Amino acid sequence: MAALLDNASATGSAVQWGGGRGVFCATATWGGGSVTLQYLGPNGSTWLTAATALTADGLVAFELPPGQIRAAVATATAVYARADQSKG
């Protein structure tokens, strides 16, 4: 499990993702905002959208190579987000 945000209202720091399938989940006080899983691109400075933005409590599956990921927050508050490795 990669904990991405804990009661946050701003984009989180990067964490290392080991690669493979995963599930990105988030809960928040949405207020019209969103939380998006991002992956650090090959130039080392551009963050790429890695999964559909969540605009309500929920989860979305993804598959990524090893690299840095983060949860990007737009407007939402009290955000809790994580990425869990999937089996199979």
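Being a predicted model, the structure only gives us computed values, none of them experimental. The figures here come from the full heavy-atom set of this structure, side chains too, leaving out hydrogens, waters and symmetry mates.
Between the CG atom of Leu48 and the CG atom of Asn43 there is a distance of 8.0 Å, given to the nearest 0.5 Å. Atom CG of Leu59 and atom CZ of Arg82 lie 9.5 Å apart (nearest 0.5 Å). The distance from the CD1 atom of Ile69 to the CH2 atom of Trp47 is 8.5 Å, given to the nearest 0.5 Å.
Across Leu37, Thr11, Leu4, a single residue satisfies side-chain contact (heavy atoms from CB on, under 4.5 Å) together with Arg70, and that is Thr11.
For the residue pair Val79 and Ala28, the shortest heavy atom distance occurs at CG2-CB, 3.7 Å. Of all non-hydrogen atoms in Leu5 and Ala10, the two that sit nearest each other are CD2-O, 3.7 Å. Heavy-atom minimum distance, Asn7 versus Ala78: OD1-CA, 3.3 Å.
Cluster annotation: Phe62 and Tyr80 are assigned to distinct hydrophobic clusters (Ile/Leu/Val/Met/Phe/Trp/Tyr, side-chain heavy-atom contacts under 4.5 Å, transitive). The cluster map of Ile, Leu, Val, Met, Phe, Trp and Tyr, joined by side-chain heavy atoms under 4.5 Å apart, puts Val73 and Val15 in the same cluster.
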Open item on the list: side-chain contact (heavy atoms from CB on, under 4.5 Å), that's the test. Do Thr75 and Trp30 meet it? Break it down for me.
Closed with: CA-CA 7 Å; Thr75 309; Trp30 297 98; over 6 Å; no
Task: Residue pair Phe24, Val35: steps toward the side-chain contact (heavy atoms from CB on, under 4.5 Å) verdict - done: CA-CA 10 Å; Phe24 172 63; Val35 179; 3.7 Å; yes
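Between Gln85 and Trp17, the closest side-chain pair of non-hydrogen atoms falls below 4.5 Å.
The main-chain N or O of Gly22 is never found under 3.5 Å from a side-chain atom of Asp84 such that the two would form a donor-acceptor pair. Counting only distance, with no hydrogens or angles, the side chain of Gln38 and the backbone of Ala14 share no donor-acceptor pair below 3.5 Å.
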